[in-house]
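Taking it in order: structure first as structure tokens, then the write-up.
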Amino acid sequence: MLLDPRPGGAAAVRLLMAAHVVAAFEPITVGIAIGAASALTGYLSYKDLYCRFAECCRSERPLNASALKQDLEEKLFGQHLATEVILKALTGFKNNKNPKKPLTLSLHGWAGTGKNFVSQIVAENLHPKGLKSTFVHLFVSTLHFPHEQHIKLYQDQLQRWIRGNVSACAGSVFIFDEMDKLHPGVIDAIKPFLDYYEQIDGVSYRKAIFIFLSNAGGDLITKTALDFWRAGRKREDIQLKDLEAVLSVGVFNNKHSGLWHSGLIDRNLIDYFVPFLPLEYRHVKMCVRAEMKARGSAINEDVVAQVAEEMTFFPKDEKIYSDKGCKTVQSRLDFY
């Protein structure tokens, strides 16, 4: 499936429709309506009025750090590192009126540990419509970049798509899922946009945010977590410095990471490698409770325990970590 290189197509359609609607009224009627609205709300520009009925880019809108913190702490389980790093990274970036480069985060860990969920939380805190926003763009490697023989085409289309959308909204968010399935070299097409350039062809990318999601490095993260557990140390004692350097090197040398020998790593353009730890039995139970709550069901601890016990755990002898994280909790809960 090839990308549609035309940026902001949906927004253009909405603007066109809005223009036809306005044109259907006499100018004096429209003037009276806007005047009445202005009288009720104080000075109201056309843009303010338009943005009440359609989504607008609010690149300068401050981040509600308290709301983001609450979302991460209440909805993300067993990921103290991811919670801390993402909160600090986003808060610092959004509070900086003149960032030197876009914020680039690379999220790593086994399936079901919360990477996609975190990208959804981030999107919702940056743009109210979240993943449905015109200014949030999700790319799935196996869907958007499936054929190795089309790498050059993908690179060209990706550059055009990002250039067009950042031109339309400086605070655009780009999420790349399944990076471990992405053909090496595709992602390097966007390297200039992530670098320390003030502008490229008249466009500044410094307020955009790029998020990469990958299973690559999951084995390295699990090994570190196991080492801490076997040494009798708490999971919460694991610090970013225990994993970030190992992750960046491991991903760079992993042919299946999508960032294999990538200039993004070589040029230190990824701001944070964020590790997602494997989930324990207690975390799976938290996921079950959260899903029950989301469905409006009363929390039944017997069902919580049954669903958690149906999951498989590793290593074979210790059985500490869920091999699918919380990924199959929803489907398993359907049986009860």
Side-chain angles (χ1 to χ4, degrees), residues 1-11 55 57 86 90 101-109 111 113-127 129-195 200 203 205 207-217 251 254 256-260 262-265 269-274 276 327:
M1 176 178 179
L2 304 184
L3 296 175
D4 183 349
R6 296 168 297 176
E55 185 183 22
C57 174
I86 289 170
L90 278 173
K101 66 179 291 297
L103 177 63
T104 308
L105 305 174
S106 193
L107 281 48
H108 297 267
T113 52
K115 301 185 301 297
N116 290 88
F117 192 42
V118 160
S119 65
Q120 178 182 328
I121 291 174
V122 168
E124 289 171 352
N125 278 269
L126 292 171
H127 298 283
K129 289 189 176 182
L131 295 178
K132 295 180 180 178
S133 170
T134 305
F135 314 116
V136 177
H137 312 277
L138 174 63
F139 300 95
V140 181
S141 296
T142 52
L143 177 64
H144 295 104
F145 316 108
H147 305 298
E148 189 172 4
Q149 64 269 31
H150 290 154
I151 286 179
K152 184 62 171 68
L153 178 61
Y154 296 149
Q155 290 176 326
D156 293 342
Q157 289 186 329
L158 192 53
Q159 286 184 342
R160 288 200 300 272
W161 181 269
I162 291 175
R163 183 183 298 113
N165 282 286
V166 173
S167 297
C169 180
S172 292
V173 179
F174 301 92
I175 302 169
F176 293 83
D177 194 10
E178 297 185 346
M179 282 292 293
D180 47 301
K181 298 181 177 67
L182 184 65
H183 300 295
V186 172
I187 204 64
D188 273 3
I190 68 171
K191 185 175 76 68
F193 305 145
L194 307 187
D195 216 326
I200 298 176
V203 179
Y205 298 86
K207 293 186 178 180
I209 294 176
F210 294 81
I211 303 175
F212 305 131
L213 313 181
S214 177
N215 291 348
V251 171
N254 185 342
H256 303 290
S257 74
L259 289 168
W260 181 62
S262 171
L264 274 60
I265 298 178
L269 298 181
I270 296 178
D271 298 296
Y272 296 96
F273 288 87
V274 186
F276 281 68
K327 201 171 186 69

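Just the heavy atoms: all of them, side chains too, but no hydrogens, waters or symmetry mates, feed the values below.
In this structure, CG in Leu259 is found 10.0 Å from CG in Asp180, a value given to the nearest 0.5 Å. For the atom pair Lys115 NZ and Phe212 CZ, the distance stands at 15.0 Å (nearest 0.5 Å). Residue Lys207 holds its NZ atom at 14.0 Å from CG of Leu103, rounded to the nearest 0.5 Å. Distance NZ/Lys129 to CZ/Phe135: 9.0 Å, rounded to 0.5 Å. The CD1 atom of Ile200 sits 10.5 Å away from the CD1 atom of Ile162 when rounded to the nearest 0.5 Å. Once rounded to the nearest 0.5 Å, the distance linking CG of Leu153 with CZ of Phe145 reads 10.5 Å.
Closest approach of Gly258 and Ile187 over heavy atoms only: O-CG2, 3.6 Å. Between Val251 and His108, the closest heavy-atom pair is CG2-CE1, 3.4 Å. Across all non-hydrogen atoms, the minimal contact from Leu194 to Pro102 is O-CD, 3.8 Å. Counting all heavy atoms, side chain and backbone alike, Glu55 lies closest to Thr134 at OE1-N, 3.0 Å. Here the shortest heavy-atom pairing between Cys57 and Gly171 reads SG-N, 4.4 Å. What you find for Ser257 and Ser214 is that their closest heavy atoms are O-OG, 4.1 Å.
Of the candidates Asn165, Leu126, Leu131, Ile211, Val136 forms a side-chain contact (heavy atoms from CB on, under 4.5 Å) with just one, namely Leu131.
With contacts defined as side-chain heavy-atom distances shorter than 4.5 Å, the pair Phe193/Val166 does not qualify. Contact of the Ile265 side chain with the Phe273 side chain is registered, since non-hydrogen atoms from C-beta on lie closer than 4.5 Å.
When atom types are taken as modelled, the side chain of Tyr205 and the backbone of Asp195 share no donor-acceptor pair closer than 3.5 angstrom. Ser141 contributes a side-chain N or O that, together with a main-chain N or O of Glu178, makes up a donor-acceptor pair within less than 3.5 Å. No donor-acceptor distance shorter than 3.5 angstrom exists from the side chain of His127 to the backbone of Lys132, with no hydrogens or angles considered. A side-chain donor-acceptor contact under 3.5 Å links Gln159 to the backbone of Ala189.
Relative ring orientation between Phe174 and Phe210 is described as parallel, the plane-to-plane angle staying below 30° on a 0-90° scale split at 30° and 60°. Between Trp161 and Phe139, the two ring planes are perpendicular [angle over 60°; tilted spans 30° to 60°].
In terms of the side chain to side chain contact (heavy atoms under 4.5 Å, CB included) criterion, residue partners of Leu138 (sequence neighbours excluded) are, by chain and number, Val140, Ile175, Asp177. Applying the salt bridge (charged side-chain N to carboxylate O under 4.0 Å, His left out) test to Asp271 and every residue at least two apart in sequence or in another chain returns Lys101.
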Kindly indicate, with the supporting measurements, whether the criterion side-chain contact (heavy atoms from CB on, under 4.5 Å) is fulfilled by Leu158 and Phe176. CA-CA 11 Å; Leu158 192 53; Phe176 293 83; 3.9 Å; yes

For Asn116 and Gln120, what are the C-alpha separation, side-chain angles and deciding distance, and is it a side-chain contact (heavy atoms from CB on, under 4.5 Å)? CA-CA 6 Å; Asn116 290 88; Gln120 178 182 328; over 6 Å; no

Take Tyr154 and Leu182 through the test side-chain contact (heavy atoms from CB on, under 4.5 Å) and record every step on the way to the result. CA-CA 11 Å; Tyr154 296 149; Leu182 184 65; over 6 Å; no

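A salt bridge is absent between Arg160 and Asp156; no separation between the charged side-chain nitrogens and carboxylate oxygens falls under 4.0 Å.
The number of heavy atoms from other shown groups lying within 6.0 Å of NZ (Lys191) is above 12.
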